[in-house]
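To find a chain, count down the sequence lines: A is the first, B the second, and so on, and within it residues start at 1. Keep in mind that the numbers below use all heavy atoms, side chains included, and drop hydrogens, waters and symmetry copies.
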Amino acid sequence: MSVPASFSSSPILSLTEAATSISQLQQVHAYMLKTGLFHHTFAASRLLTAATTISHHSLSYVESIFTHVHRPNSYIYNTMIHAYATSETPGLSFIVFLKLLYENSQVYADKYTFTFILKACARVCRGKEGKQIHGIVLKNGLGDDEYIKNTLIHMYAKCGCFEVARNLLDRLQKDDAVSWNALLSVYTQMGFVELARELFDEMPVRNVESWNFMVSGYVNSGLVEEARDVFDVMLVKDIVSWNAMISGYAKSGAFGEVLVLFEDMQTVEVRPDNCTLVNVLSACAGLGALSQGKWVHAYIDRNGIEVEGFLATALVDMYSKCGCIEKALEVFDNVLKKDISTWNSMIAGLSIHGSGHHALKMFNQMISGGFTPTEVTFISILSACSRAGLVSEGLMMFDHMVRVYGIQPTIEHYGCLVDLIGRRGLLNEAKELLNKLTVKESPIVWQSLLASCRNHDDVELAEYIARKLFELEPKDTAGYVQLSNFHASLGRWNGVMEVRTRMREKGLKKEPGCSMIEIDGTVHEFLAGEGVIVEPPRLKV
DNA sequence: TTAGGGTTAG
């Protein structure tokens with residue numbers, strides 16, 4: 001079909017790029033169908049591209065446009081292959097790729113096709129197919145394309161063909177950091193941190209991403225100090241560098257370091273993003289650092305950042321763990337786009353507060369809102385029932401979880417269940433339930449039952465459980481300590497002496513308990529029997 | 001006429 005000269009500047013086409021939602025795009029689509037514009041492949045391609053940038057989660061609308069294009073060209077096929085390659089179902093790229101190769105003799109694969117399909121091969125680790133496609137690339141005379149070469153290096157490495165990847169890298173004409181990163185990123189993601197370091201030291205060129213791969217590689221292998229050493233000598237740090245280091249500290253529980261680094265970040269020209277704020281809030285939650293948490297909340301408001309998704313969850317969690325349940329509820333109520341995690345964090349918050357009835361009410365509201373509870377929801381709701389002594393409600397919830405939602409109970413659910421039954425004094429029933437569990441998983445739940453024995457003065461069962469725990473976890477002191485305390489509470493000093501002697505003989509020492517509290521904006525961490533050991537700095541307000 | 005490689009996170 002011939003295209004008018006003014007076609008590409010048609011106002012309706014610029015509307016495809018202006019659309020910010022599927023429904024807006026569908027209006028443009030309807031207009032195109034009515035006027036026949038949709039029959040122009042170029043117009044359809046603009047619509048298709050706009051649809052791929054808007055629909056991140058579901059490709060059904062993109063697919064429906066693709067199947068209705070009358071005369072698809074390479075661009076149309078490539079856009080569809082790319083959309084699948086970056087989606088949660090990269091394997092579907094192959095179907096479109098085969099259609100392009102064999103169903104349409106008018107259209108040919110080009111350099112874009114190969115970068116996209118090779119990306120799909122890497123995502124699904126299909127080295128055999130990748131190698132075949134590499135053959136087609138060479139046959140088509142595209143073996144010198146820089147983008148294709150870099151994607152090939154990444155694809156081979158991702159599929160475990162490290163020698164082939166390295167060979168391609170060594171044969172490159174010019175040094176490009178992206179080519180080296182293609183291999184480096186795979187080493188760091190797979191946890192081959194020493195290989196990554198060797199490669200990094202060997203690299204003739206590095207860019208900020210190369211450094212970021214090393215920082216996140218060390219962090220993901222639990223080597224936070226090594227990550228910090230790399231971070232400290234970086235000349236250029238971007239938001240990814242800061243977030244990688246901050247999340248490393250957050251993941252390892254070094255919450256004080258998170259706050260220090262966040263403060264350092266404010267002296268440079270890098271603005272925190274949602275990821276930074278989520279990690280800082282989780283550090284505040286872990287430390288009970290309410291004023292720092294409030295500062296982050298104020299920062300969010302000041303900068304007009306929308307409270308949704310991870311950020312909403314983190315804020316609710318921070319306020320709950322810092323003891324401000326009212327504030328957590330207020331934040332929760334103001335979240336416009338709640339997801340299942342937002343609900344889970346609110347229910348967990350109510351559970352921590354011992355507000356069992358309120359947690360159950362929240363659970364029902366969530367169901368009425370059309371949300372499907374997850375494993376995590378039930379852990380919170382069961383522990384809420386357990387903490388608040390709502391035994392029959394808890395048992396009903398457990399039954400509901402299995403029968404209505406088809407969720408297989410995990411060790412955490414059994415832990416809550418044993419706690420619930422134990423509170424009712426049905427200790428032998430709880431014991432029977434536990435003996436059905438696999439040995440590998442059960443120690444923590446046995447400990448929970450041991451606590452119930454103490455509340456119901458069942459020395460015989462306590463001895464039985466303690467013996468069980470000694471067998472399961474000979475190095476763990478928790479069982480010994482609980483039994484010893486139990487004997488002490490009954491004035492059975494011989495029992496106490498016996499257990500303590502057994503601990504000494506095995507060279508075991510109880511780790512001191514610790515707790516944290518914020519006083520006048522400073523977080524103090526107390527070890528049992530000691531003074532203050534941590535004082536994270538206050539943030540600029 | 002449109003587009004491409006490596007990218008931190010509850």
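- Rounded to whole Å, atom P of B:dA3 lies 21 Å from atom CG of A:Leu118.
- Residue A:Ser247 is classed as a sugar-phosphate contact, given heavy-atom separations below 4.0 Å to backbone atoms only.
- A cation-pi geometry, defined here as NZ or CZ lying under 6.0 Å from the six-membered ring centre and within 45° of its normal, does not hold between A:Arg206 and A:Trp180.
- Using the six-membered ring where Trp is involved, A:Phe378 and A:Tyr405 have ring planes that are tilted, between 30° and 60° apart.
- Note on A:Asp176: a base of the nucleic acid sits closer than 4.0 angstrom, heavy atoms only.
- Contacts of A:Glu17 with the nucleic acid, taken as non-hydrogen atoms under 4.0 Å apart, are absent.
- Contacts of A:Asn274 with the nucleic acid, taken as non-hydrogen atoms under 4.0 Å apart, are absent.
- No hydrogens or angles were tested; on distance alone, a donor-acceptor pair under 3.5 Å links the side chain of A:Asn78 to the base of B:dA3.
- Taken to the nearest 0.5 Å, the OG1 atom of A:Thr374 stands 6.5 Å off from the CD1 atom of A:Ile407.
- A cation-pi geometry, defined here as NZ or CZ lying under 6.0 Å from the six-membered ring centre and within 45° of its normal, does not hold between A:Lys99 and A:Tyr77.
- A:Gln189 has no side-chain polar atom (N or O) that falls below the 4.0 Å cut-off from OP1 or OP2 of B:dG6.
- Among the atoms of the strands shown, none is found under 4.0 Å from any heavy atom of A:Ile246.
- The phosphate of B:dT8 has neither OP1 nor OP2 within less than 4.0 Å of any side-chain N or O from A:Lys251.
- Here the P atom of nucleotide B:dT1 and the CG atom of A:Leu47 are 21 Å apart, to the nearest Å.
- Under 4.0 angstrom from either OP1 or OP2 of B:dA9 there lies at least one side-chain N or O belonging to A:Asn220.
- Distance, A:Tyr84 OH to B:dA3 P: 22 Å, rounded to whole Å.
- In this structure, A:Lys119 reaches the B:dG6 phosphate: one of its side-chain N or O atoms is under 4.0 Å from OP1 or OP2.
- Atom CE of A:Met234 and atom C1' of B:dT8 are 11 Å apart (whole Å).
- Residue contacts shown for A:Asn344 are absent, as no nucleic acid heavy atom lies under 4.0 Å away.
- With hydrogens and angles ignored, a donor-acceptor pair under 3.5 angstrom links the side chain of A:Ser45 to the base of B:dT2.
- A:Asp238 comes within contact range of no nucleotide atom at all, as no heavy-atom separation falls under 4.0 Å.
- When the shell of 6.0 Å around NZ of A:Lys294 is examined, it contains 12 or fewer heavy atoms from other residues, nucleotides or ligands.
- Nucleic acid contact class of A:Phe213 (heavy atoms, under 4.0 Å, all strands): sugar-phosphate only.
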